[in-house]
Amino acid sequence: MLIFTPRTIQSNHWVLIGPLISIILTIMIGALIFKMLNYPVTESLYQVFISPFSRVDRIADILVKACPLIIIGIGLIFCFRANIWNIGAEGQFIIGTLCAGSFALLFPENNNHILLLSMFLVGFLGGALWASIPAILKIKLNVNEILVSLMLVYVAMLFIDFIVRGPLRDPMSFGFPLSKPYPDGAIISKINFPGIGYLGQLHYGIISILFLAPFSWFLINRTLPGFQIKVFGSAPKASSFAGFNKNKITLGVLIMSGGMAGLAGVIEVSANMGQLQPEVSFGYGFTAIIVAFLGRLNPYGVIIAGLVIATAKLGADNAQMILGIPKVVTGIFEGILLFFLLAGETIQNYKVSLKRNS
Amino acid sequence: MESLLITILVTSVPILLAGTGELIAEKSGVLNLGVEGMMLTGAVAALGSVLIFGNPLAGIFFGALAGILISLIFSFFTIFLMTNQVATGLGLTIFATGLTGLIGEPFVGKTISSLPKIDIIFLSDIPFLGSIFFKHDILFYISILLIIAVHFFLIKSRYGIIIRAVGDNHDSAHSIGYPVKKIRLLCVGFGGMCAGMGGAYIPLVLTPHWSEGMTAGKGWIALALVVFASWLPFRLLLGALIFGGITILQFVGQARGWPFPSQFLNMLPYLVTIIALSIISIKTRSGNTLVPSSLGKPFLENN
């Protein structure tokens, strides 16, 4: 039988090798499932993993698709490091978007900088506010944050549905549940490369990651609150002996991740949709959980992880168009990937040895 | 009135079944957040098997079987590889959502025949009560009998006490010789079976055709229900009925033209879940002894 002995020193090379092996195993199992369900294996895998790289504008679209995943994922790092299970980023994304979108529609302003910056702020606050509900319930009443944050996703979905069908519906939308188009100042424009032109849908919102990732890395690895978050998550008893305020940490990490999810929503909708609609997120908040784990809860890792997962997402869109495979298949890959990543963590934390039954 | 009460009862069956299974799994110390995924798996398996075999009873069997099989993935990782239970359960739901979407794709647009109603002799002739409680399908009766059985099993039987011991302190249970991992494997498997049947109930009785993610959060509500019930079977039954009632309220509201937007009525089950969890937390804040103490903690076997 297998014997697990806790390691005193964590095996460092697993930090990089673990995710790589996990991805390879995931693709192998995915291929097996395709085979069992009678889909063409090589063609399916080609569409899902390779086809997104076939043209430059498609590669640019990987970045676009990865953008919300990375921003939400970076936010989730704070929660997961603290062992707080926010699985409602999807709802925080929606509420952030809704708040910022309503703001832009109610106070139209054509100065791009002023309006967009206020929208970022409003979106962050909206997402943070939504995430603070599970935080406060956890702090005050010790209510499970997993269930509350998830329930609020459904509430948020229904709420934005109500808003775009009711109060904010554009009278000119011919009965479609759409808001008025955003004022010009609320639009994040596409990047026009000198001499090349536009690359896919690549937009200026991507640049935000260049600030958010180093900022979060610094916060987690070089500041006292970051240290407190890590201790609280990995050794709660040590954290309370050290006198760290667990309520502040809980509220803080949920506000950070909720706010980032809201911010991701503002950027996504301002850059790609330009108006509010019933569906603003397509499961980004849930996928970002996988992204955070694949990125080993490290902001730079999350960037790479976001790109990997975004590739598969775009590939799944292609596979649906060309092979008729429903694009939910990405869920299969995401789930298996998470299993292997978690198993990898076990191997990182325990020495596994074989012992014969005597 | 009569038909309304029948609808409420029928609507609460899926969450009651899934909650029953999760209650046992959690009593043994395992938190499986994959209930939503296991229900979806049960639903798609039930639907597919009815399409193949033409018999709704096959749907119950294959729904339960699929639930057990998919729970084994969760058990393998959490019990034998000691992975984090919260993340693994989440992974199971994500995985199953994708898998059932893929499997269910060919079923879209096809309708299956529902489970036949069985009148219980004599009892179904009681005026009013008879037609509410005793003219249902077999899975309805199973769900009620199961929760009663689980109540007595946990309190009275030797095995029930062993399960609780494993859930309350796995190290002590291990040191007096109980096979902690084996017991947990069985309990999670029972949870999978119940969630599979709960999921199967949706196409077999409620809406007889496939749509992606057709459980619509019922698995999550079942999870909340177990907490709300403080791990007590009869309170779980009560909770399931309350949620059945709230779910039906949406349709009643829409039918009678209540002056609320439908979205707000549809929010009710989720909002009520949050409120119910908060209330139960207030009541049990001073050290709830009913929570299995080892819940969610990985068990490392040292020998």
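Model, not experiment: these values are computed from the prediction. The sequence lines fix the lettering, A, B, ..., with proteins before strands; numbering per chain opens at 1.
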Out of curiosity, B:Leu277 CG to A:Leu147 CG, how far, rounded to the nearest 0.5 Å?
6.0 Å

Looking at side-chain heavy atoms only, is the closest gap between B:Gln263 and A:Phe159 below 4.5 Å?
no

Please look at B:Leu92 and chain A and tell me whether the side chain, the backbone, both or neither of the residue comes under 4.5 angstrom of a heavy atom of that chain.
both

Proximity breakdown for B:Thr273 and chain A, heavy-atom pairs closer than 4.5 Å
side chain

Under 4.5 Å, counting heavy-atom pairs only, tell me which of B:Thr100, B:Thr97, B:Leu90 racks up the most with chain A.
B:Leu90

Between A:Phe293 and chain B, with a heavy-atom cut-off of 4.5 Å, which part of the residue counts as in contact: side chain, backbone, both or neither?
side chain

Side chain, backbone, both or neither: which part of A:Ile33 has an atom under 4.5 Å from a heavy atom of chain B?
side chain

For residues B:Trp220 and A:Ile87, determine if any side-chain heavy atom of one lies less than 4.5 Å from a side-chain heavy atom of the other.
yes

Can you check side chain to side chain contact (heavy atoms under 4.5 Å, CB included) on B:Leu300 and A:Tyr350, steps first, answer last?
CA-CA 10 Å; B:Leu300 175 63; A:Tyr350 296 95; 3.9 Å; yes

Interatomic spacing from CG in A:Leu342 to CG in B:Asn84 - rounded to 0.5 Å
6.5 Å

Heavy-atom check, side chain of A:Glu345 versus side chain of B:Thr83, under 4.5 Å:
no

Segment of B:Phe264 engaging chain A (4.5 angstrom heavy-atom cut-off):
side chain

Looking at A:Val329, A:Leu152, A:Leu150, which has the largest count of heavy-atom pairs under 4.5 Å with chain B?
A:Leu150

Heavy atoms, side chains only, cut-off 4.5 Å: are B:Ile274 and A:Leu137 in contact?
yes

Side chain proximity check, A:Trp85 to B:Leu33, heavy atoms < 4.5 angstrom:
no

Heavy atoms only, distances under 4.5 angstrom: which of A:Leu337, A:Val155, A:Ile290, A:Leu338 has the most pairs with chain B? Name it, please.
A:Val155

Between B:Tyr270 and A:Leu158, is any pair of side-chain heavy atoms under 4.5 Å apart?
yes

Is a donor on one side and an acceptor on the other found under 3.5 Å between the side chain of A:Thr346 and the backbone of B:Leu81?
yes

For the residue pair A:Pro326 and B:Gly101, what are the closest heavy atoms and their distance?
CG-O, 3.8 Å

Any chance you could measure B:Leu271, atom CG, to A:Met151, atom CE, to the nearest 0.5 Å?
10.5 Å

Count the heavy atoms of every other residue, nucleotide or ligand shown that sit under 6.0 Å from CZ of A:Phe282, and state whether that count exceeds 12.
yes

May I ask you to decide if the ring planes of A:Phe339 and B:Phe77 are parallel, tilted or perpendicular, using 30° and 60° as cut-offs?
parallel

What's the spacing between B:Ser262 OG and A:Asp161 CG if we round to 0.5 Å?
7.5 Å

Where do A:Gly335 and B:Phe95 come nearest, in terms of heavy atoms and distance?
CA-CB, 3.9 Å

What part of B:Ala96 gets within 4.5 angstrom of chain A, counting heavy atoms only: side chain, backbone, both, or neither?
neither

Flag if over 12 foreign heavy atoms under 6.0 Å of NZ, B:Lys181
yes

Give the minimum heavy-atom separation between A:Gly324 and B:Glu105, together with the two atoms involved.
O-OE2, 4.4 Å

Answer with side chain, backbone, both or neither: which region of B:Leu268 has an atom nearer than 4.5 Å to a non-hydrogen atom of chain A?
neither

Can you name the nearest heavy-atom pair linking A:Leu141 to B:Ser278, along with the distance?
CD1-CB, 3.8 Å

What's the separation between atom CE in B:Met267 and atom OH in A:Tyr154, rounded to the nearest 0.5 Å?
14.0 Å

Residue pair A:Lys140 / B:Ser281, side-chain heavy-atom distance below 4.5 Å
no

